[in-house]
Each structure stands twice: as structure tokens, then as C-alpha cells.
Amino acid sequence: MKILLAAINAKYIHSNPAVYSLRACTGAYRPYVAIAEYTINQPPDLLLREIYQQRPDVIAFSCYIWNRRMLDQLIPDLHKLLPDTDIWAGGPEVSYDAANARRIWQLRGVMTGPGEATFAQLVSAYVNGRAEHLPQVLDSKNTPILPLAEIPFWYEDLTDFKNRIIYYESSRGCPFSCSYCLSSIERTMDFRPVLQVCKELDFFLEKNVPLVKFIDRTFNCKKEHALPILAHILEHDNGITSFHFEMAPDLLDEDYFSLLEKMRPGAVQLEIGIQSTHPETLAAIERPSDFAKTTAAIRRIRAWNSIHIHLDLIAGLPYEDLDTFILSFNDVYDLTPTQLQLGFLKVLKGSAMAQHAEAYRTLYTSQPPYEVLATRWLSYEDICNLKQVEEVLEIYYNSGQFTHTLRYLRPYFHTPYALYASLADWYEAHGLFVVQSSRIRKYEILLEFAEAKTDADRLVLRETLTYDLYLREHMKNRPAFALSQERWKNQIRGLLLEEAQTHTLFPDLHGCSYRELTKLLHIEVFESICAQPTAVIFGYETRDPLTHNGMTVTRPFPC
């Protein structure tokens, strides 16, 4: 008997914690269960071939909005090639539409809700020859749900997780009732014991795992759970591992701040779903929020310059038109997050938002990810414009490659949103959205846009772009927009020779010769963005853990 748990992830770096948790709970039957992970970017015929070659007796697919289309293509062909194989499905994409999913895919059955106990029941039935007695829907409501404390730790061996994100769950459920989220359906919360969590985190720390991403919906919703875990991370920091949390900033207090402020730069990443700052919208989606407190908390954390902060907005929520969404965008942008995600409402099956879709006149795509097309307050044209703003925001803000240039350009536009809307219009007018631009070309586009749409000082603009460029990478070919360094050529060489002898500016490069330093360092003299000519020495062996930028040392010129 071979039972295959199949996951189709959005990217290779992702792993699927659900299938590993399911297998971990099968006890003595675990040898009968295999896991296969794929991505939606792989050819469907490859997945078909690899699953067929395993000849499983049972296949159980983990179903989400990102892999539904792949499964629509894959499952019918598996029926043809493996007619005697029973196919099951579970996960949020089928849990709230079980009958329809079973009919469309001709499934043997569907598992709904938290699946550890129901999957263990399924495996036992197949191994012991009782599969014919299994119902067509295995509903977790009819099976005692395993508490998190009893779910085994499934990361004993990290071989399958090399170069992939490690996901970890210390709590399940959410105390909030956001109408767009499936977590709001089940109001119960379950917490893995703190001592158990700390012991398991020690495993990741000992293995020097680069990133552990907590999938808790609101990590800091229970102070007596979250604080000791953060304290443990602080006390046992290995200098390598980073931990990612979703938190509610208005629940942070002095106890949290005291711990977070002491964290090594890059040790902690925070994801914060603000979604909107429009009061009527927040009330409609049942998401209470104290934005003044949120603002104070985020600004305080940002001032430390040691914690990556990712803020989320959702376009398409009820009672938010384009004008109020722009206000939300400007409010959140002014908090200077490390990243700002402009997302679009997904009308998920089973959510309260889906139930209210008709009342809100919400139109959304018929196929996953069920993304908003229009609402009573936002037209389809508005959504299209916001999509373009999202794209240039990703290219220029979230890449972190244009930080100083964007900061320089910001005052030339009435609001932050106006900057990105104007840049999106430039992209559209010049057909740039349909072109795959190189990194240098993106700098050139920003320069062309700024020179055409602002009266910014041309020399300052070019030097600022050059600074941003070399801050991230030692370019082999000097960009055309960079100002000539010919007049400083001998002094730049002299500075490098001096560093090769003394190694006072970059002691981590001690022992490197002049020739080696030319490959490891870049020196640029800036005249317009500094009060006097100044040499900036860019080093790339050590990088900022938040921005991934190289390190810099400045020297007045002439020296």
C-alpha cells in the first residue's frame, strides 16, 4: 500500500507544511505515506509522469487557490492513467466546496478542515482494508481535532528543505474576524506549549537555518505565549537564523519593545496587515484597529533600523473607493516600511466576504485566485490602474534598489501615490509593462521619467541613481548615466593603494592585494549630492542584513 501526499507549491523555495504535518500524525502507518512536492511553474506533463511512475494506490492533493488550475489539468489525466488509484483532496480550496470539488474531479473523497486526525483515519482505513467504509467527505467536525501539542515535530531531517523556507506553526487560529479571511470562520485558538516551541526552535538554530517563517496568523495575540518565545530567540541567537512573524502592531507594548529592540539586525522580520486606514472599511470587514497606536509602534521599530517590516494593503475592500484607497496608500507609505505590498482582495470560498459579494456588487474572477475585478466603489478601470501602480511599486520600492532616488524624487509629487501613479503612466505610455527590462534599464527608465516629469537637479539625480546602483552591486560595466570620474582617476587609485597597505577602512579584507581590492571595492566620487567632493568606498563582502546593500565608507576629496 502506497499513499502519496502531493503538494504543488507556488515556488520552489516554498515548502508545504500541511503535508508534512499530516504524515507526521500517521504514527505506525507512516512508512506507507510518501510526500511529493512540485511547483506550479513545472510542466504539467512532468508532474503527470512523476506521479504515474510512483504507482500510488492513493493520492491526496493539498489544494489552494494557487494550484487549483494545475489540479484541474492534472487530476483528469491521472484518472486515465491510474484508473484504480483513489484520489482525495484537502485544503482550503476544497474544504468549503467539498461536494462540487468531488463532482468536478471525480474524487473518491474530500477531507475538510484541519486534516491531521482525518488523514490518520484515512490511512488506517486503507492499510487495514476498510477503505470502502470511508465516507465521501471526511469532515474534521466529526473527528476529534489533534491539539498542536500532540502534532509531532516533522523537521528531524532537513535534507528535503535545503535552499527552501522553513515554515513553523506555534499557534493555530486567529482571534480576529476579518471577513476576507478563512481564519475568521473558526474562532478557536490553539497554542503549542512554549517549552516545546523553544526546544524545536533550538533545532533550527543548531542547524543554522537561514529563515524560519512562523505561519501563526497573529503571533502576538497571546502575550504569555509570544514573549517567552521572543526572549528565547534573543538569548539563543546564532547570528545567522532569522525569524518571520505576522503581528498586530497595536498589541505591542513595552515588554515587546524591550525584547525587539535588543534583537540582532536582521534576526526578526515582521509582517503587518494594515489592509486599509479607512474607518468605514475597517468596520465593514470587522477588523478593529487603532491606527494611531499602529503608527507609533511601526515608527518606533523602524527607528531602530534593525527589523525588516513588511506592510500589507488590500485593494477592493468594501466602502473604499479610489480616493480613500489612495489615502490608505499614502498613510502606509509614510511609515517607510521595508516593503509595502499592494494586494488585491481574494473572495475566498467560505469567507464572509464571499457571502456579501452580491451586496457589495463585488465582481471577481471565476477561476482562482478569485481576485476582485470591480466593486460598488471601485471600477474595473480603477483596478487596472492600481495593478500598474502595484507593478512599478514592486520594481522600484520593494526591490530596495532605488531607495535614495525615490526619496529624492518624493517632494516633486503631491503625494507618494502620485509619484507611483505618474511612473505607472510613464510605463504605460512607453509600452514598458510588456518589456522585460534589465536592471540598468530600470535605472535609465527612472532617469528618463524624472527628467521629463520633474525639475529635479539633473546632476543630483544622476549621482543619486549612481549611488543606489553601486550600493547594491559592483558593476562590471559603468552605466552611461554615471558622471565621469576621469578627473579623480589618480586619487581613486591612490586611495585603493593606501587601503591595500593599511586595511583601515575595510579590515575584513585584510591581506587582499591592490588588484584583489579592485574587484571587491568600488570608489565613486560625488560632487553634487555632498557639500564638497566626497569619495564613497563601496564594499560588498559584508552586507546590511535588512537591505542587502553593501557597506560604505566616505572620505572627503581631494584627500
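A donor-acceptor pair shorter than 3.5 Å cannot be found between the side chains of His236 and Asn238. The closest side-chain donor-acceptor pair between Gln269 and His308, if any, does not fall under 3.5 angstrom. No hydrogens or angles considered: nothing links the side chains of Thr362 and Thr375 as a donor-acceptor pair under 3.5 Å. Looking only at atom types and distance, the side chain of Ser328 has no donor-acceptor partner in the side chain of Asp331 under 3.5 Å away. Side-chain atoms of Ser258 and Asp255 include no donor-acceptor pair closer than 3.5 Å.
The CD1 atom of Ile314 lies 9.5 Å from the OG atom of Ser276; values are rounded to the nearest 0.5 Å. Put simply, NE2 on His244 and NZ on Lys213 are 4.5 Å apart, with the number rounded to the nearest 0.5 Å. With rounding to the nearest 0.5 Å, the separation of CG in Asp468 from CG in Leu406 is 7.5 Å. Taking CD from Gln339 and NE2 from His310, the interatomic distance works out to 6.0 Å, rounded to the nearest 0.5 Å. Atoms CZ and OG1, from Phe325 and Thr281 in turn, are 10.5 Å apart once rounded to the nearest 0.5 Å.
Of the possible polar contacts, one joining the Asp216 side chain to the Ser171 backbone as a donor-acceptor pair under 3.5 Å is found. Side chain of Asp190 to backbone of Leu148: a donor-acceptor contact under 3.5 angstrom is found. In this structure, Glu463 contributes its side chain and Ile529 its backbone to a donor-acceptor pair below 3.5 Å. For the pair Asn330 (side chain) and Tyr417 (backbone), a donor-acceptor distance under 3.5 Å is present. Looking only at distances, no side-chain donor or acceptor of Arg361 sits under 3.5 Å from a matching main-chain atom of Ala374. The backbone N or O of Arg543 sits nowhere less than 3.5 Å from a side-chain atom of Asn549 that would complete a donor-acceptor pair. No donor-acceptor distance shorter than 3.5 angstrom exists from the side chain of Trp377 to the backbone of Tyr360, with no hydrogens or angles considered. Without hydrogens or angle criteria, Thr338 side chain to Ile309 main chain gives a donor-acceptor distance under 3.5 Å. At least one donor-acceptor pair closer than 3.5 Å links the side chain of Thr454 to the backbone N or O of Ala450. Here the side chain of Ser179 pairs no donor or acceptor atom with the backbone of Ser351 at under 3.5 angstrom.
Closest approach of Arg192 to Gln196, counting heavy atoms only: NH2-NE2, 3.1 Å. The two residues Gly173 and Met189 make their nearest non-hydrogen contact at C-SD, 3.1 Å. Closest non-hydrogen pair, Ile298 versus Pro249, comes out as CG1-CB, 4.4 Å. In plain terms, the two heavy atoms of Glu473 and Tyr540 that are nearest each other are O-OH, 3.4 Å. Across all non-hydrogen atoms, the minimal contact from Asn9 to His14 is ND2-O, 3.4 Å. The minimum heavy-atom distance between Gly113 and Ser140, with the atom names listed, is CA-OG, 3.5 Å.
With ring centers used as reference points, Tyr397 lies under 6.0 Å from Tyr333. In this structure, the ring of Phe402 has its center less than 6.0 angstrom from the ring center of Tyr443. Between Phe161 and Tyr155, the distance from one ring center to the other falls under 6.0 angstrom.
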Exercise for the section: Could you walk me through whether Met263 and Leu234 pass side chain to side chain contact (heavy atoms under 4.5 Å, CB included), step by step? Expected result: CA-CA 6 Å; Met263 295 288 184; Leu234 175 63; 4.0 Å; yes

Problem - Worked check of salt bridge (Lys or Arg N to Asp or Glu O under 4.0 Å) between Lys442 and Glu394 - result: CA-CA 12 Å; Lys442 291 170 186 174; Glu394 284 295 316; over 6 Å; no

Exercise for the section: Could you walk me through whether Asp425 and Ser422 pass the side chain to side chain donor-acceptor pair (under 3.5 Å) test, one step at a time? Expected result: CA-CA 5 Å; Asp425 289 344; Ser422 182; 5.6 Å; no

Practice task
Evaluate the criterion side chain to side chain contact (heavy atoms under 4.5 Å, CB included) for residue pair Ile166 and Lys207; output intermediate values, then yes/no.
Solution key: CA-CA 12 Å; Ile166 296 291; Lys207 298 294 184 181; over 6 Å; no

Exercise for the section: Before giving the answer on side chain to side chain contact (heavy atoms under 4.5 Å, CB included), spell out for Tyr38 and Asn67 the whole-Å C-alpha distance, their side-chain angles and the decisive distance to 0.1 Å. Expected result: CA-CA 10 Å; Tyr38 307 99; Asn67 65 20; over 6 Å; no

Exercise for the section: Give the intermediate values and the outcome of side chain to side chain contact (heavy atoms under 4.5 Å, CB included) for residues Val209 and Leu158. Expected result: CA-CA 9 Å; Val209 170; Leu158 294 179; 3.7 Å; yes

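In this structure the side chain of Ile229 reaches within 4.5 angstrom of the side chain of Phe219, judged on heavy atoms.
Geometrically, Lys222 engages Phe191 in a cation-pi contact, judged by NZ or CZ lying under 6.0 Å from the ring centre and within 45° of the ring axis. Taking the ring axis of Phe344 as reference, the NZ or CZ atom of Lys387 stays within 45° of it and closer than 6.0 Å to the ring centre.
Partners of Arg68 according to the salt bridge (Lys or Arg N to Asp or Glu O under 4.0 Å) rule, which considers only residues two or more places apart in sequence or in another chain, are Asp72, Glu93.
The aromatic rings of Phe538 and Tyr470 are tilted relative to each other, their planes meeting at an angle between 30° and 60°. Between Phe214 and Phe245, the ring planes lie tilted relative to each other; the angle falls in the 30° to 60° range.
The local environment of NZ in Lys349 is crowded, with over 12 non-hydrogen atoms from other residues, nucleotides or ligands closer than 6.0 Å.
For residues 16-26, the set of pairs meeting the side-chain hydrogen bond (donor to acceptor under 3.5 Å, both in side chains) definition, not counting sequence neighbours, comprises Asn16-Ser62, Tyr20-Glu37, Ser21-Glu116.
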